[in-house]
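First comes the structure, then the notes that go with it.
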Amino acid sequence: QVQLVESGGGLVQAGGSLSLSCAASGRTFNDFRMGWFRQAPGKQREFVAAINWRSNIAFYEDSVKGRFTISRDYGKNTVYLQMNSLKPEDTAVYYCALDRDSYTDSYYYRREQYYEHWGQGTQVTVSS
């Protein structure tokens, strides 16, 4: 079984920065992908960013390009989401996800149906 533990959420003013972390444990994999999704109150969960563990190729939702950066640490089995220039519309519960299948097409990285393991989520609130 795979466990994902998220941390780093909190309250920040518009224009500020915040960094999220998600540590994976329970199993080891030769290659996999991890992503970040978010869900605002009353809205559907949406894709934010994802990364391939081996190649380090990353994908981003258009609304966060240039503001958010996803990265990974092999030694800690941890994925990070550095969020800069935060806006009130970024307010949501942020979830990390993992899947063993390492696809090359962005189609699979952007859709939650292709992720098997999920964290509990961490709240990010951006005030105006």
Could you tell me whether the side chains of Asp73 and Thr78 share a donor-acceptor contact shorter than 3.5 Å?
-> no

Evaluate the side-chain proximity of Tyr94 to Met83: yes if any heavy-atom separation is below 4.5 Å, no if none is.
-> yes

Polar side-chain atom of Asp99 near backbone of Arg33 as donor-acceptor pair, under 3.5 Å = no

Please say whether more than 12 non-hydrogen atoms of neighbouring residues, nucleotides or ligands are located less than 6.0 Å from CD in Gln13.
-> no

Keeping the roles fixed (side chain from Glu61, backbone from Lys65), state whether a donor-acceptor pair exists under 3.5 Å.
-> no

Hey, could you give me the SG/CD distance between Cys22 and Gln120, rounded to the nearest 0.5 Å?
-> 11.0 Å

Among Val124, Val48, Val79, which one satisfies side chain to side chain contact (heavy atoms under 4.5 Å, CB included) with Leu20?
-> Val124

Kindly give the heavy-atom pair with the smallest separation between Arg72 and Ser55, and that separation in Å.
-> NH2-C, 4.4 Å

For the residue pair Gln82 and Ser71, establish whether any side-chain heavy-atom pair is separated by less than 4.5 Å.
-> no

Given side chains that start at C-beta, do those of Arg54 and Tyr74 come closer than 4.5 Å, heavy atoms only?
-> yes

Is atom CD of Gln113 surrounded by more than 12 heavy atoms (other residues, nucleotides or ligands) closer than 6.0 Å?
-> yes

Heavy atoms, side chains only, cut-off 4.5 Å: are Leu86 and Leu18 in contact?
-> yes

What pairs with Phe47 under ring pair (Phe, Tyr, Trp, His ring centres under 6.0 Å), at least two apart in sequence or on another chain?
-> Phe37

Work out which heavy atom in Val126 is nearest to a heavy atom in Thr91; give both atom names and the distance.
-> N-OG1, 2.9 Å

Roughly how far, to the nearest 0.5 Å, is OG of Ser17 from CZ of Phe68?
-> 9.5 Å

Is the side chain of Asn52 donor-acceptor paired with the backbone N or O of Ile57 at a distance under 3.5 Å, no angle test?
-> no

What one should report as the nearest heavy-atom pair of Leu4 and His117 is CD1-O, 3.5 Å

Please report the C-alpha distance between Leu81 and Thr69 in whole Å, then the side-chain angles of each, then the deciding distance to 0.1 Å, and finally whether the side chain to side chain contact (heavy atoms under 4.5 Å, CB included) criterion is met.
-> CA-CA 6 Å; Leu81 184 67; Thr69 302; over 6 Å; no

Minimum heavy-atom distance Gly35-Tyr115, with the two atoms named = N-CE2, 3.8 Å

Are any of the side-chain heavy atoms of Glu6 and Ser21 separated by less than 4.5 Å?
-> no

Using the rule that two of Ile, Leu, Val, Met, Phe, Trp, Tyr join whenever any of their side-chain heavy atoms come within less than 4.5 Å, decide whether Tyr80 and Trp36 are in one cluster.
-> no

Mind checking ring pair (Phe, Tyr, Trp, His ring centres under 6.0 Å) for Tyr108 and listing every partner two or more places apart, or none if nothing turns up?
-> Tyr103, Tyr114

For Ser128 and Pro88, the nearest pair of non-hydrogen atoms, with its separation, is CB-CG, 3.9 Å

Heavy atoms of Ala24 and Leu98 approach each other most closely as CB-CD1, 4.0 Å

Do Gln39 and Gln44 have side chains that get closer than 4.5 Å, going by heavy atoms?
-> no

Output all residues satisfying side-chain contact (heavy atoms from CB on, under 4.5 Å) with Arg67, sequence neighbours left out; order by chain, then residue number.
-> Val64, Ser85, Lys87, Asp90

Kindly confirm or rule out a cation-pi arrangement of Arg38 over Tyr95, judged by NZ or CZ under 6.0 Å from the six-membered ring centre and within 45° of its axis?
-> no

Say whether, by atom type as modelled, one donor and one acceptor occur between the side chain of Asp105 and the main chain of Tyr107 under 3.5 angstrom.
-> no

Just by modelled atom types, is the Tyr60 backbone N or O under 3.5 Å from a matching donor or acceptor in the Arg110 side chain?
-> yes

If you draw a 6.0 Å radius around CD in Gln3, do more than 12 non-hydrogen atoms from other residues or ligands fall strictly inside?
-> no

